[in-house]
Amino acid sequence: MNVYDSGQMVKQLALQGYRQVSSPEQADLIISNTCAIREKAEQKVFSFLGRLASLKRRKPSLIIAVGGCVAQQEGKKILERMPHVDLVFGTHAISRLSGLIRQVELLREPVVAVEMSDVIDESHLVLAAGDNEGVSRFVTIMQGCDNFCTYCVVPYVRGRENSRKPDNIVKEIRQAVASGAREVTLLGQNVNSYGKKEHLCSFPELLERVCHIEGLSRVRFTTSHPKDLSAELICAFRDLDRLCKHFHLPVQSGSNQILKRMNRKYTRETYLEKVQKLRAVCPDIAISSDFIVGFPGESRDDFEQTLDLVRTVEYDSLFVFKYSDRPNAPAADYPDKIPDDEKNERLHRLLELQEEITVRKHEALVGTIQQVLVEGLSKKQPLSNLKEEFQDIQWSGRSSGNKIVNFSVKDSCRAADEDLTGKLMYIRIQKACSHSLWGQPVEEELKLTEVEGEDGYYAA
């Protein structure tokens, strides 16, 4: 969401005459777009702002702005702590950023704008594409959250749940496709409840509209709340060809006791039932999740139940976080806090278990043919752990199941200097790595002789 918001800021400011530069020393305006979901992220914000003080002294005309969730949470207290900051704007003020910057430019006085609204202001949404936005884009479809999980600060910094109008979402995606996007990820704190409060179309209906946009190859979404996962959304993975076979379904804990204390409104059993339904409809679907370790009152038995859930589901990947108190979140006042060394141990054990599962799943894909949307040149060239014959230009993309796939065009019919960015290619997986796969392109004629299996394509 912050990536999307930052893109909107850049587009607004470009219309105002600003352009991006490569270093803070070159800048007339520096914006820190912040995250408050965990304590460590918040600490990084103030560390970064503190380093800008000396730059401001050397260049008094420099405008320093703080936006996002920490700005919403702290408001004018940021100016008290960091007097060299010129603008503090909250999560609902992004659409007014251009005007706020002009206000600072004219008055040369600090401005704080952290008022929250009950509706989404789309009047200042900039649809024009920026430079080098890539083939994969984010599109926010709603803001805020009504779930009030006891560990979470989101409802207090992003506000209550509100959905954008479907026509505006479709219009933005069409503009993105016209500027080179081939994949979009629809964003919301809980996309499953999209449109319900406003009596708009349902999320599955929105997905269907987006999947029919001409020129768009793939559609993803994140994130989903298990309690609102509908049968219609599950069936969308069977019925919509362009919907990627990947579902991020945060569970947070494998213990019913902890889930209740978190106010998650589902049980371990109902979560597993929905996973089973997903795999019944789409056997090759990749499932990822979020977990919090060390939630207040989490016993060793509670944590063992989390490990057991991971073994049962066999996720493709996980995001794992140590619990940290957040302002306004009820769990900040809960007793029975878990010592940090215990949280570290649990974090390590959970990640170690998931790595074993991920490696096993990657190895099972060796020999299959995966359809890959090429995002660009691989970030790691060459891969030192691969055989010498693979040491040439490498491309990188993702499979429908969100697996990173690196490949080269050596020994294929593709020209070495051909730009493959944005193309859908079929790659035969030859090697499994811890966090990625390696393969070689399959010629189109050969691909047509393959038959589809649960995990990819196999020779007929």
Side-chain angles (χ1 to χ4, degrees), residues 1-15 19-20 31 33 35 67-68 91 94-95 97 120-122 124-143 158 163-191 194 203-204 206-224 236 240-248 286 288 371-379 395-405 419-425:
M1 289 183 181
N2 272 8
V3 171
Y4 176 82
D5 289 346
S6 295
Q8 277 297 306
M9 295 177 198
V10 169
K11 292 171 185 177
Q12 280 191 52
L13 294 170
L15 297 176
R19 62 179 176 85
Q20 294 186 77
I31 301 175
N33 189 19
C35 175
T91 55
I94 294 172
S95 63
L97 178 60
I120 298 178
D121 180 11
E122 298 192 57
H124 300 284
L125 185 69
V126 183
L127 299 183
D131 295 332
N132 302 316
E133 287 197 70
V135 299
S136 185
R137 314 278 177 89
F138 295 119
V139 175
T140 294
I141 65 171
M142 58 199 301
Q143 69 180 17
R158 291 257 178 193
S163 299
R164 293 178 59 195
K165 294 178 180 178
D167 288 348
N168 292 345
I169 295 168
V170 170
K171 181 179 179 182
E172 181 176 357
I173 295 172
R174 283 186 176 137
Q175 181 70 45
V177 171
S179 68
R182 293 296 172 262
E183 174 184 272
V184 295
T185 301
L186 307 181
L187 302 176
Q189 292 296 335
N190 179 18
V191 295
Y194 169 83
F203 182 58
L206 176 66
L207 277 176
E208 185 172 8
R209 286 190 63 179
V210 172
C211 283
H212 282 92
I213 293 175
E214 187 175 352
L216 188 64
S217 300
R218 284 181 171 178
V219 179
R220 301 183 187 272
F221 62 85
T222 193
T223 188
S224 291
L240 300 177
D241 291 339
R242 295 182 183 179
L243 182 60
C244 288
K245 304 302 186 282
H246 170 238
F247 202 134
H248 187 68
S288 56
Q371 188 188 60
V372 173
L373 177 64
V374 183
E375 296 175 356
L377 292 173
S378 172
K379 295 179 180 179
W395 295 89
S396 184
R398 290 180 185 268
S399 69
S400 177
N402 207 36
K403 304 289 194 300
I404 298 172
V405 179
D419 186 0
L420 303 178
T421 304
K423 294 184 181 298
L424 283 171
M425 298 187 62

Can you sort out the partners of His248 under ring pair (Phe, Tyr, Trp, His ring centres under 6.0 Å), two or more places apart, ordered by chain and number?
->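 Checked His248 against ring pair (Phe, Tyr, Trp, His ring centres under 6.0 Å); matches are Phe319.
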Flag side-chain contact, heavy atom, 4.5 Å: [X] against [Y]:
X: Arg137; Y: Thr185; value: no
X: Ser288; Y: Asn402; value: no
X: Asp419; Y: Trp395; value: yes
X: Phe203; Y: Leu186; value: yes
X: Thr91; Y: Asp5; value: no
X: Val219; Y: Leu240; value: no
X: Glu208; Y: His212; value: yes
X: Leu97; Y: Gln8; value: no

Just verifying a value: how many Å separate [X] [atom1] and [Y] [atom2], rounded to the nearest 0.5 Å?
X: Ile169; Y: Tyr194; atom1: CD1; atom2: OH; result: 3.5 Å
X: Ile173; Y: Ile141; atom1: CD1; atom2: CD1; result: 8.5 Å
X: Arg174; Y: Ile213; atom1: CZ; atom2: CD1; result: 5.5 Å
X: His246; Y: Ser399; atom1: NE2; atom2: OG; result: 9.5 Å

With sequence neighbours left out, what residues match Val10 under side chain to side chain contact (heavy atoms under 4.5 Å, CB included)?
->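 Applying side chain to side chain contact (heavy atoms under 4.5 Å, CB included) to Val10 gives Gln20.
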From the list Thr223, Leu187, Thr222, side-chain contact (heavy atoms from CB on, under 4.5 Å) with Met1 holds only for Leu187
Verify the neighbour count for atom NZ of Lys165: are there more than 12 heavy atoms of other residues, nucleotides or ligands below 6.0 Å?
->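 Not buried by this count: 12 neighbours or fewer within 6.0 Å.
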Non-hydrogen atoms of [X] and [Y] that approach each other most closely:
X: Ser224; Y: Val191; answer: OG-CG2, 3.7 Å
X: Val184; Y: Val210; answer: CG2-CG1, 4.2 Å
X: Ile404; Y: Ser396; answer: CG2-OG, 3.8 Å
X: Gly401; Y: Ala286; answer: O-CB, 3.3 Å

Set of residues satisfying side chain to side chain donor-acceptor pair (under 3.5 Å) with respect to [X], sequence neighbours excluded:
X: Glu172; answer: Tyr4, Arg164
X: Ser136; answer: Glu183
X: Arg218; answer: none
X: Asn33; answer: Ser6

Would a distance-only check, ignoring hydrogens and angles, find a side-chain to backbone donor-acceptor pair under 3.5 Å from Arg220 to Ser400?
-> yes
Counting N and O atoms only, with roles assigned by atom type, does the side chain of Arg242 sit under 3.5 Å from a partner on the main chain of Leu216, one being a donor and the other an acceptor?
->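 Judged by distance alone, yes, a pair lies under 3.5 Å.
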